[in-house]
Enquirer: 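My structure is below; once you've seen it, I'll send some questions.
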Amino acid sequence: MENTFGMNIIPDNDALRVEALKRYKILDTPPENAFDNVARLATQIFNVPISLVSLVDEDQVYFKANIGMGNARSTSRGVSLCSLSVMQSEVTVFENAPEEPCLLSNPNVAGNFGLKFYAGAPLTTRDGFLIGTLCIIDKTPRTFSGAEREILASLARIVMDEIELRLSAIKEQEKQQEYIEEAAATNEELLTSNEELSRTQENLVSAIARLADLEALKDIAIEQAKLGIWHIDAESQEFVPSIRLKEFFGYYPNEEMSYQVAVSHIREDFRTQVAREVDEAIQTGKSYDLEYPIIMFRSGQLRWVRATGKLNPGEKGREAQYSGTIVDITEQKEDEQRKNDFISMVSHELKTPLTSINGYIQMLAVKAGSSDDSFAVNILNKAARQTRKMRSMINGFLNMKRLETGKIPLDKRVFDMAELVLEAEEESIATISTHKVIFAPVEQTIVLADRDKIGQVINNLISNAVKYSPKGSEIYVACMNIAQTVQVSVGDQGMGVSEADQVKLFDRFYRVETKEMDTIGGFGIGLYLCDEIIKRHNGNIWIESELEKGSTFYFNLPL
Ligand code: ADP
């Protein structure tokens with residue numbers, strides 16, 4: 001940097017001073033009225049042609065206000081007299097510049113411009129840095145009194161106040177800008193959230209619409225299936241029946257029907273059992289599937305219903321809820337009834353002629369035996385076996401009918417199970433040649449039960465084992481005492497029963513539907529009868545089985 005003064009013009013703290021100047025963001029900015037006004041005021045007060053507000057930067061001196069010096073906006077620091085003014089805090093005055101040794105080679109003084117008088121009061125920041133001057137210049141020499149120096153210094157303070165004010169305004173503006181930018185960003189975010197929100201809302205609306213469609217479909221399905229439905233309200237634990245359900249029980253849609261009332265309409269002979277099973281299922285969260293008759297309110301009409309119930313697992317924070325359906329099966333029951341009546345009527349009618357045929361066959365067999373006609377004996381024995389089969393089938397139907405109408409009384413007597421099993425063993429030795437029936441030793445066990453019917457159950461299980469397992473395979477029969485019960489088991493190495501079929505095996509007319517079954521005759525009432533007989537003795541009957549490996553049927557009787 002050039003220096004025309006022949007002396008040091010850079011104060012010791014210049015770096016900090018320049019930094020302080022830059023803080024005001026004023027360097028190299030266009031003229032502003034506030035500064036022009038003070039400079040103009042100075043020219044008027046001191047009656048000089050030129051006044052400048054200068055800012056002394058590292059290399060340049062910028063004129064923030066310039067009155068009387070043309071368009072000059074800046075000059076080099078090494079030429080400007082203001083560079084000298086920022087070297088001291090007092091007002092710098094050259095009353096007759098050409099006489100000053102340090103200004104001899106200054107182009108402003110020595111050159112065409114012809115500067116003769118200069119007075120500059122420094123612009124002092126609050127923290128004491130001299131960042132520029134308010135100066136006045138004349139082209140004729142003049143004196144400058146102490147009072148005039150004071151006035152110039154005061155005007156310099158006004159300029160400094162303006163600079164501070166300007167900075168506050170800039171900061172305020174920046175803050176506003178920041179705020180506006182933040183607001184704009186927030187606005188942007190809001191807009192995006194809004195868009196997301198409206199997208200979510202759209203999704204929600206379409207989900208609700210889909211849900212409504214599904215609900216409507218569900219309602220149609222319920223309507224078409226003529227289903228009465230109910231559920232237990234998760235909050236109030238109240239029983240909530242649908243209108244159709246109320247109709248089933250003979251109630252109007254607007255009439256109250258509590259759970260207890262619904263139970264009281266179940267026909268008496270079914271009531272306790274059904275209520276117990278439903279209660280138990282609800283308590284344990286298990287499903288149920290029951291058929292029972294109800295007596296309708298007011299009309300007293302009988303109606304058969306099939307009732308199912310299940311626990312719906314609560315999803316997404318909702319509690320699990322128990323609900324159920326009821327469907328009218330009166331017609332189906334009546335059809336079944338007619339079919340049963342027909343079967344039992346036919347069975348009944350067949351029984352007498354069959355007994356006669358059996359008698360005739362026996363008579364013929366005796367005769368053939370005495371005349372040594374082995375061919376006839378053989379044929380007649382086969383005929384006798386077939387009639388026995390027919391008789392047991394017919395008895396089965398008749399028993400079923402009697403069971404259902406409660407006409408099969410139990411003839412309970414005290415007897416020894418070991419003896420009954422022994423009889424079964426003797427009969428199997430006499431009648432079964434296709435399989436190896438193995439009886440485990442049985443201890444004497446005295447029970448109170450209907451001996452014939454328990455015998456029927458054992459025989460039925462053994463003949464099923466023969467029917468449903470391959471020729472030559474083994475059948476195990478055991479009878480033992482377990483926990484206050486006597487338990488009989490019949491195991492085979494046959495086709496077995498799938499888990500799904502095991503549940504329905506003891507239902508009336510139920511037969512497993514597989515290809516192998518096509519060639520094995522039967523009506524599906526044997527196990528149903530066994531189940532009824534055992535239940536009436538307060539016992540249990542069940543199956544353990546694995547497909548293709550074999551089955552074991554168990555029943556027990558309380559001791
Ligand atoms: P039926 O033998 O006249 O069909 P049941 O009531 O005695 O009727 O048996 C019902 C069904 O149970 C049978 O049709 C058969 O599918 C199955 N079942 C019974 N016993 C056995 C067994 N020991 N092994 C495999 N399946 C069996």
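One-based numbering, in listed order, for ligands and for the atoms of each. All residue numbers in this chain count up from 1 along the given sequence.
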Enquirer: Short list, please: which atoms of ligand 1 are under 4.0 Å from a heavy atom of K467?
Expert: 1 (P), 2 (O), 3 (O)

Enquirer: For atom 26 (N) of ligand 1, what's the nearest protein heavy-atom neighbour? Residue, atom name and distance, please.
Expert: V497 CG2, 3.4 Å

Enquirer: Under 6.0 Å between ring centres, would you say that holds for F248 and H265?
Expert: no

Enquirer: I want to know if ligand 1 touches L527 in the polar sense, i.e. an N/O pair below 3.5 angstrom.
Expert: yes

Enquirer: I want to confirm something. Looking only at heavy atoms, which of N464, V466, V490 is nearest to atom 7 (O) of ligand 1?
Expert: N464

Enquirer: Should the heavy atoms of other residues, nucleotides or ligands under 6.0 Å from CZ of R166 be counted, would the total exceed 12?
Expert: yes

Enquirer: Taking distance alone, with N or O pairs closer than 3.5 Å, would you say V512 contacts ligand 1?
Expert: yes

Enquirer: Side chain to side chain contact (heavy atoms under 4.5 Å, CB included) between Y554 and W542: does it pass, once the steps are laid out?
Expert: CA-CA 5 Å; Y554 298 85; W542 70 98; 3.4 Å; yes

Enquirer: Looking at ligand 1, does any of its N/O atoms fall within less than 3.5 Å of an N/O of G522?
Expert: no

Enquirer: What protein heavy atom lies closest to atom 8 (O) of ligand 1? Include the residue and the distance to one decimal.
Expert: G524 CA, 3.1 Å

Enquirer: Can you tell me which residue and heavy atom of the protein come closest to atom 4 (O) of ligand 1, and the distance to 0.1 Å?
Expert: R511 NE, 2.4 Å

Enquirer: Who's the nearest protein heavy-atom neighbour of atom 23 (N) of ligand 1, and how far?
Expert: D492 OD2, 2.8 Å

Enquirer: Using side-chain heavy atoms (C-beta onward) and a distance below 4.5 Å, is D507 in contact with Y528?
Expert: no

Enquirer: Could R338 and D335 be called an ion pair, given the rule that one side-chain N must be under 4.0 Å from one carboxylate O?
Expert: yes

Enquirer: CD of E188 to OG of S193: how many Å apart, nearest 0.5 Å?
Expert: 10.5 Å

Enquirer: Answer yes or no for R298 and F249: cation-pi contact, defined as NZ/CZ to six-membered ring centre under 6.0 Å and angle to ring axis within 45°.
Expert: no

Enquirer: Kindly confirm or rule out an N or O of M495 lying under 3.5 angstrom from an N or O of ligand 1.
Expert: no

Enquirer: Closest by any non-hydrogen atom to atom 13 (C) of ligand 1: pick that one out of Y468, F553, Y510.
Expert: Y468

Enquirer: Do the numbers put K339 on top of the ring of F509, so that NZ or CZ is under 6.0 Å from the six-membered ring centre and no more than 45° off the axis?
Expert: yes

Enquirer: Considering only protein heavy atoms, which is closest to atom 17 (C) of ligand 1, and at what distance to one decimal place?
Expert: L505 CD1, 3.8 Å

Enquirer: Might you confirm whether atom CD1 of I243 has over 12 heavy atoms from other residues, nucleotides or ligands at distances under 6.0 Å?
Expert: no

Enquirer: Please indicate whether any nitrogen or oxygen in F523 is less than 3.5 Å from any nitrogen or oxygen in ligand 1.
Expert: yes

Enquirer: Would you compute the distance between atom OG of S242 and atom CH2 of W230 and round it to the nearest 0.5 angstrom?
Expert: 11.5 Å

Enquirer: One residue to check: I525. Relative to ligand 1, which of side chain, backbone, both or neither has a non-hydrogen atom less than 4.0 Å away?
Expert: backbone

Enquirer: For ligand 1, find out whether one of its N or O atoms is nearer than 3.5 Å to an N or O atom of Y528.
Expert: no

